[in-house]
2 protein chains.
Amino acid sequence: MQTKRIEIEEKILKTAKKVFLEKGMAGARMQDIADRANINKSLIHYYFKDKHSLFKLVFNQVFSIIAPQINEIINNDFSVEDKIRKFTYNYYDFRQEHPHLSNFVINELNVNPDFFETLTCHPLFPNIDKFKAQVRREVNQGILVPIDGEQLFIHIISLNIFPFMAAPLIQRFMDSDNKHYQAILNSRKTEVADFIINSITRKI
Amino acid sequence: MQTKRIEIEEKILKTAKKVFLEKGMAGARMQDIADRANINKSLIHYYFKDKHSLFKLVFNQVFSIIAPQINEIINNDFSVEDKIRKFTYNYYDFRQEHPHLSNFVINELNVNPDFFETLTCHPLFPNIDKFKAQVRREVNQGILVPIDGEQLFIHIISLNIFPFMAAPLIQRFMDSDNKHYQAILNSRKTEVADFIINSITRKI
DNA sequence: GTCTATAGCCAGATAGAC
DNA sequence: GTCTATCTGGCTATAGAC
């Protein structure tokens with residue numbers, strides 16, 4: 001039955017994604033994936049050859065979720081300010097849905113740089129040239145203070161992504177419970193955008 | 001010979017640190033540590049019992065390098081502005097010396113939250129209460145625009161740490177080579193501080 | 001203290017029955 | 001396609017000679 005085959009493939013992929021995201025490539029166990037998916041371990045090999053093949057599929061799939069988020073800053077038609085507000089506002093909900101994503105990608109790429117080969121030819125792989133040009137334009141128009149588009153791009157993603165990546169650690173620096181830290185993250189939906197805009201727009 | 005014993009212990013620790021930082025706990029191999037340290041694998045067990053004990057030692061040692069960096073923002077007597085400038089300026093060189101540190105700590109804590117037990121009782125474990133109070137004071141004095149100390153703290157470490165953590169990825173978003181990205185990071189030594197200060201100080 | 005040899009385990013992968 | 005049983009290799013850890 002063709003549909004069942006696909007169902008199972010997807011169940012394995014979905015579960016593998018969960019396990020790889022939690023434990024990373026080196027820490028993940030095929031048996032763990034099989035158990036959580038309620039299937040026999042051999043079936044994973046039947047459908048996906050080996051651990052590495054499965055991982056590469058998951059890795060690309062995960063990147064396909066992240067890439068559009070980044071591209072939103074780069075490719076839509078809003079002003080720089082609106083881009084920042086929109087991205088910052090949406091990022092919180094995105095993280096609620098996909099908590100481990102960026103930790104996973106960044107870490108695996110650091111541990112095993114070979115994976116870049118898989119990524120850089122990805123159809124959605126972000127390139128910030130358009131954003132750089134837009135920033136230059138708005139600086140020339142006097143909307144923004146003089147700032148380099150590359151630096152601004154780094155500011156934006158740093159202020160948004162890092163507080164989630166290092167959440168458990170920062171939370172302890174603040175000696176606060178999970179609920180309080182979630183509230184802090186939530187208020188960053190607007191706080192971060194205000195902070196950036198306040199720095200880069202000309203005051204009257 | 002007592003001195004030789006200590007020499008070897010330190011050689012193992014130093015090498016173990018290197019390997020754990022590169023590969024993480026799950027990816028590190030005892031054989032790899034032995035080979036790079038030019039000693040017999042059994043010796044590691046003789047000196048440090050097992051992999052886990054060795055890892056915990058390394059982990060705490062690594063955290064002892066990071067903690068003072070964070071505490072610099074929190075505990076010295078400079079104004080908020082000077083703290084930001086100083087930390088931001090020094091962080092680049094710190095990263096040149098210890099490139100994998102924060103990735104390692106943050107990732108291991110995400111994969112295995114149990115390690116927090118080892119950390120939270122660490123004598124240098126940072127607590128940002130003093131910084132919060134200082135920010136509140138400077139806001140009341142009109143030096144800073146109204147801003148929450150916790151949010152500002154998160155801004156500062158995000159803008160500094162993340163660009164290094166995600167360096168390989170961001171570099172490719174920019175389609176630039178390593179040298180260019182290093183230049184970008186280097187100019188952030190002052191750029192980031194200006195960016196923050198520009199947002200949080202009152203304009204004349 | 002340092003080595004060799006190996007025990008013992010566990011994980012990924014495969015053979016082969018059904 | 002799905003299962004059981006098993007192989008194979010790799011890794012941690014230890015026993016024991018020197």
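Proteins get letters first, then strands, A, B, ... in listed order; numbering begins at 1 in each. What you are looking at is a predicted structure, and each value in this text was computed from that prediction instead of being measured.
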Report task. Just jot down the side-chain contact (heavy atoms from CB on, under 4.5 Å) partners of A/Glu10, sequence neighbours excluded, or say none. Result -> A/Ile6
Requested in this report: Please identify each residue that fulfils side-chain contact (heavy atoms from CB on, under 4.5 Å) with B/Asp177, with sequence neighbours left out.
Outcome: B/Lys179, B/His180
Requested in this report: Between C/dG12, D/dT4, C/dT2, spot the one nearest the side chain of A/Arg29, thanks.
Outcome: C/dG12
Query raised in the report: How would you label the contact of A/Phe48 with the nucleic acid (heavy atoms, under 4.0 Å): base, sugar-phosphate, or nothing?
Result: nothing
**Report entry** Pi-cation contact, B/Phe78 with B/Lys83 (under 6.0 Å, within 45°)
**Finding:** no
Query raised in the report: Tell me: CG of B/Asn40 to P of D/dT14, nearest whole Å?
Result: 15 Å
Report summary line: The correct set of residues in residues 14-28 of chain A placing a heavy atom under 4.0 Å from DNA chain D is none
Query raised in the report: What class does the angle between the rings of A/Phe173 and B/Phe153 fall in, given that below 30° is parallel, 30 to 60° is tilted and above 60° is perpendicular?
Result: perpendicular
Requested in this report: For each nucleotide in nucleotides 13-18 of chain C, reading 5' to 3', give B when a protein heavy atom comes within less than 4.0 Å of its base, S when such contact involves only the sugar-phosphate, and - otherwise.
Outcome: BB----
**Report entry** Atom pair distance, as rounded to whole Å: CD in A/Gln31 and P in D/dC3
**Finding:** 12 Å
Query raised in the report: Are A/Phe87 and A/Tyr91 close enough that their ring centres sit under 6.0 Å apart?
Result: yes
Report summary line: To the nearest angstrom, the NZ-P distance between A/Lys4 and D/dG1 comes to 9 Å
**Report entry** Atom-pair distance (CD1 on A/Ile8; C1' on D/dC3), nearest Å
**Finding:** 13 Å
Query raised in the report: Looking at B/Tyr46, does any N or O in its side chain come under 4.0 Å of the phosphate oxygens OP1/OP2 on D/dT14?
Result: no
Query raised in the report: Which part of the nucleic acid, if any, lies within reach of A/Ile39 when heavy atoms closer than 4.0 Å are counted: base, sugar-phosphate only, or nothing?
Result: nothing
Requested in this report: Check whether any side-chain heavy atom of A/Lys51 lies under 4.5 Å from a side-chain heavy atom of A/Ile44, and answer yes or no.
Outcome: no
Requested in this report: Please examine the side chains of B/Gln61 and B/Leu13, heavy atoms only from C-beta on, and report whether any two atoms are closer than 4.5 Å.
Outcome: yes
Query raised in the report: Judged by atom type as modelled, is there a donor-acceptor pair below 3.5 Å linking the side chain of A/Ser187 to the main-chain atoms of A/Ile184?
Result: yes
Query - Within residues 24-36 of chain B or reaching into it, pairs that qualify as side chain to side chain donor-acceptor pair (under 3.5 Å) - sequence neighbours excluded - result: B/Glu22-B/Arg36, B/Gln31-B/Asp35, B/Asp32-B/Arg36
Query raised in the report: Should the pair A/Arg172 and B/Phe116 be classed as cation-pi, given the thresholds of under 6.0 Å to the six-membered ring centre and 45° from the axis?
Result: yes
Report summary line: Applying the Watson-Crick and G-U criteria (both distances under 3.5 angstrom) with [ ] for crossing and | for other-strand pairs, one obtains for DNA chain C ||||||||||||||||||
Query - Residue pair A/Asp148, A/Lys132: steps toward the salt bridge (Lys or Arg N to Asp or Glu O under 4.0 Å) verdict - result: CA-CA 7 Å; A/Asp148 176 40; A/Lys132 272 165 69 178; over 6 Å; no
